[in-house]
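Input: a single structure, listed below in structure tokens.
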Amino acid sequence: MSDYLEIVAANAVDVDKNGRFPTESIDALRSAGLLAPQSPRDAARIVESLAQHCGSTAMITCMHYAASAVVQALGSDTQKSELAAGKHLGTLAFSEAGSRSHFWAPVSKATIQDDGVHLFARKSWVTSANHATFFVWSSTPAAAEGASSIWYVPAKTPGVASTGGFDGLGLRGNDSTPMVAEDAVIEKSALLGEDGGGLSVMLEVVLPLFNVMTASVAVGLMEGATQAACKHVSGTKYEHLDSTLADLPTIRAYLARMRIATDQARCLVQDTITAMETGREDVMLRVLECKAAAGESATSVLDLAMRVCGGAAFRREVGVERRFRDARAGTVMAPTTDQLYDFIGKAICGMEVF
Ligand SMILES: Cc1cc2nc3c(=O)[nH]c(=O)nc-3n(C[C@H](O)[C@H](O)[C@H](O)COP(=O)(O)OP(=O)(O)OC[C@H]3O[C@@H](n4cnc5c(N)ncnc54)[C@H](O)[C@@H]3O)c2cc1C
């Protein structure tokens with residue numbers, strides 16, 4: 001195992017138990033040069049390997065790569081060179097109290113004045129809220145027509161603040177808190193893309209990478225749980241029968257279903273990345289499918305892992321219940337599974353998707 005993964009694995013239980021940000025793990029990723037922007041294939045591989053050990057670190061990294069991709073595509077030369085040097089931790093500040101999971105429809109405001117752009121917002125969920133150095137931030141357009149605009153918001157901007165802690169069911173180290181902008185002034189040059197052009201940034205830059213990465217987080221959680229379950233059943237004895245749990249055909253069949261579902265989801269993610277790299281015609285369908293498929297598979301595989309490991313699974317040391325809780329988030333992170341089903345259904349019926 002690489003040095004940074006050892007650190008991530010060593011801290012995972014404490015991060016979850018105490019709901020604390022995995023500072024050592026993010027520092028280890030920075031030291032390994034892994035906070036620099038990555039290709040979709042590398043980003044997927046990295047977040048999957050992180051998720052096998054710590055879902056929180058994986059999701060923080062996923063949000064960082066998603067925010068970095070926008071800066072890489074549309075940011076200034078200074079922002080790009082600082083990102084490449086690993087000086088930043090970024091995240092997406094899209095979801096809002098007003099439009100909830102409908103991230104494509106922000107209701108927060110941005111107004112252009114002489115001294116800059118004034119932001120007013122109530123963001124509902126921002127991963128790494130108290131630890132990020134910048135936010136890729138959505139609002140309604142400042143002056144143009146369109147649904148949204150995207151801004152580079154430095155974390156130290158006066159008026160930008162996290163408004164709570166995070167005591168969640170899963171991904172407990174994520175620091176995913178609400179945030180506000182109260183007349184926060186950013187530079188006019190902080191616009192990423194066109195004023196009013198936020199939707200195309202969301203759909204073309206963020207969505208493909210984000211879906212592939214959140215699907216990979218789900219695959220990593222399934223992989224970690226499947227390995228933990230196999231280890232548990234192989235080492236757990238019924239002394240009076242001189243057998244292990246693995247000697248039960250029912251248990252082995254459940255494990256086989258977990259293995260198949262994990263590998264199916266990973267294959268779909270890999271095919272999605274290939275479709276992205278080659279510009280294949282079905283690329284958007286695959287992008288939508290991979291997050292829905294992997295997210296739903298993760299909840300069922302983790303459910304099976306809890307069953308296979310029995311009462312022991314309720315204890316932290318088996319390593320299944322943490323992943324069971326972590327896996328729930330992927331299905332409700334936007335685009336949620338139900339929204340994806342709607343989009344996919346429209347796509348295959350020849351209807352307009354967005
Ligand atoms: C751990 C965690 C970290 C997060 N981090 C970030 C972050 O860093 N940045 C960020 O911007 N957001 C983040 N989010 C927010 C996330 O992307 C969603 O916006 C949020 O989870 C939606 O929750 P809600 O209660 O607002 O959902 P609601 O919008 O209230 O949805 C409730 C239910 O209605 C369903 N629903 C809503 N609309 C439709 C529809 N059109 N069709 C079918 N069903 C629909 C949903 O699928 C869901 O099941 C995070 C969320 C979590 C859980």
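Note that ligands are numbered from 1 as they come in the structure, with each ligand's atoms numbered from 1 the same way. This is a predicted model, so every value here is computed, not measured.
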Numbered atoms and elements of ligand 1 in range of L92, under 4.0 angstrom, heavy atoms: 7 (C), 8 (O), 9 (N), 10 (C), 11 (O)
Mutual orientation of the aromatic rings belonging to F94 and F103 [parallel < 30°, tilted 30-60°, perpendicular > 60°]: parallel
Any protein heavy atom < 4.0 Å from atom 39 (C) of ligand 1: yes
Contact bool for atom 46 (C) of ligand 1 (protein heavy atom, d < 4.0 Å): yes
Contact check, V332 vs ligand 1, heavy-atom distance below 4.0 Å: yes
Region of S176 that comes within reach of ligand 1 [heavy atoms, distance under 4.0 Å]: side chain
A329 N/O to ligand 1 N/O under 3.5 Å: no
Polar contact flag, side-chain donor to acceptor under 3.5 angstrom, T111-H118: no
Parallel, tilted or perpendicular: rings of F134 and Y152 (30°, 60°): parallel
Test item: side-chain donor near acceptor, T91 and T127, under 3.5 Å: no
Part of T91 within contact of ligand 1 (heavy atoms, under 4.0 Å): side chain
Those atoms of ligand 1 less than 4.0 Å from some heavy atom in Q339: 37 (C), 38 (N), 39 (C), 40 (C)
Is_contact(atom 10 (C) of ligand 1), protein non-hydrogen, under 4.0 Å: yes
Short side-chain donor-acceptor distance under 3.5 Å, N11 and S25: no
Contact atoms of ligand 1, heavy-atom distance to H102 under 4.0 Å: 37 (C), 38 (N), 39 (C), 41 (N)
Atom 52 (C) of ligand 1 protein-contacted, heavy-atom criterion under 4.0 angstrom: yes
T127, portion touching ligand 1 at heavy-atom distance under 4.0 Å: both
Sub-4.0 Å protein heavy atom near atom 19 (O) of ligand 1: yes
D175 side-chain N/O to A129 backbone N/O, donor-acceptor pair under 3.5 Å: yes
F21 and H131 aromatic ring geometry - parallel, tilted or perpendicular at 30°/60° bounds: parallel
Geometric class of the Y238/H240 ring pair [parallel <30°, tilted 30-60°, perpendicular >60°]: perpendicular
Modelled atom types, side-chain donor and acceptor of E223 and T262, under 3.5 Å: no
Identity of the nearest option to atom 2 (C) of ligand 1, non-hydrogen atoms only, from W125, W137, F94: W125
